[in-house]
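Numbering starts at 1 and runs along the sequence shown.
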Amino acid sequence: MQSLLTKNKNYFLFTGIIILIGILAGVLYFQLLNNDVHERIKETIVSLNYFKSNAILKDLIIMAIILVLTFFIIGVPLGIFFIFYESVTMGFIISVFFSIYKIKGLVFAILYLLITRLLTLILVVIFIKKIINIGRYIIGFLIYKKDEIIKEKILLNFRNSLYIIIFVLIINIILYFSSSYILKPLFFIIK
C-alpha cells in the first residue's frame, strides 16, 4: 500500500489540490448566491426529516461515459473535471449546513459526506488514475502501433476501471437502501 502511495505521490498530490480547490469553489459559490436563494435552500433543508443518498445513476452514467471517451483521449480531462465537480458539491453542502446550523451543521455535513461520499471519492480518484493510464497507453499504442505489451496494459486498466465502476455502483445501491437508517441518527446533531 505504501509503495502504491509513493509511486503515485504526484498524482495524489495533484488530485488533493483539485479536491481542495473544488471544496473552496463550492464554498465560494454558495457565498455568491443571493439572499433569496439562501432562504429557499434554508427552508428546504429545515423542512426535511432525513436525507436519502441517491448517486446511483449519476456516478454510473458519468463514469461509464468517461471510460468510453478515454479511448478518444477526451475522457482524461473529463475525469479530472469530475473530481473537481464532486469537490465543489462537497464544499457547497458544507457551506449550506454551516450557514443554517453553524458548528453543528459543519459537524453534520462532514459526517454526512464521510458516510455517503468518502469511499466513492477515493474510488473515483483511483478510477481517474486508471483512465489517465489508458489515455497514456493509447497514445503509446498509436505511436508504436501493434505493441502487445501496451495493448495488455490498456486491457488491464480497462478491466480495473470496470471493477471500480461496479464497486461504486454497489456502494451507491447499499447507501440508497440504508442511508435513511444510517443518516437518521445523525439528525440529533442539527435538530
Open item on the list: So does Val88 get a backbone contact from the side chain of Tyr29, meaning a donor-acceptor N/O pair under 3.5 Å?
Closed with: no
Open item on the list: Please determine whether the number of non-hydrogen atoms from other residues, nucleotides or ligands lying under 6.0 Å from atom NZ of Lys58 exceeds 12.
Closed with: yes
Open item on the list: For Phe82 and Phe127, I'd like to know if the aromatic rings sit close, meaning centre-to-centre distance below 6.0 Å.
Closed with: no
Task: Flag side-chain contact, heavy atom, 4.5 Å: Ile45 against Tyr101 - done: yes
Task: Side-chain (Asn8) to main-chain (Tyr11) donor-acceptor, under 3.5 angstrom - done: no
TODO: Using the rule that two of Ile, Leu, Val, Met, Phe, Trp, Tyr join whenever any of their side-chain heavy atoms come within less than 4.5 Å, decide whether Phe14 and Leu121 are in one cluster.
DONE: yes
Task: Same cluster (ILVMFWY, side-chain, under 4.5 Å), Ile56 and Ile170 - done: no
Task: Value rounded to 0.5 Å, distance of CD1 in Ile21 from CG in Leu28 - done: 12.5 Å
TODO: Check whether any side-chain N or O of His38 sits under 3.5 Å from a backbone N or O of Val96 as a donor-acceptor pair, and report yes or no.
DONE: no
Task: Reported CD1-to-CE distance for the pair Ile110 and Met90, which is rounded to 0.5 angstrom - done: 9.5 Å
Task: Close side-chain approach of Ser161 and Ile134, heavy atoms under 4.5 Å - done: yes
Open item on the list: With a 6.0 Å cut-off (strictly less than), is the heavy-atom count around CD1 of Ile149, excluding the residue itself, greater than 12?
Closed with: no
Task: Test: Glu148 and Lys153 ion pair at under 4.0 Å - done: no
Task: Transitive ILVMFWY side-chain link Val168 to Phe177, under 4.5 Å - done: yes
Task: Any Phe167 side-chain heavy atom under 4.5 Å of Leu119 side chain - done: no
Task: Side-chain donor or acceptor of Tyr85 paired with backbone N/O of Gly22 under 3.5 Å - done: no
Open item on the list: I need the Phe84 CZ to Thr89 OG1 distance, nearest 0.5 Å.
Closed with: 10.0 Å
TODO: Give a yes or no on this: more than 12 heavy atoms of other residues, nucleotides or ligands lie within 6.0 Å of atom CZ of Phe71.
DONE: yes
TODO: Check whether any side-chain heavy atom of Asn172 lies under 4.5 Å from a side-chain heavy atom of Thr120, and answer yes or no.
DONE: yes
Open item on the list: Any non-hydrogen side-chain atom of Ile41 less than 4.5 Å from a side-chain atom of Phe92?
Closed with: yes
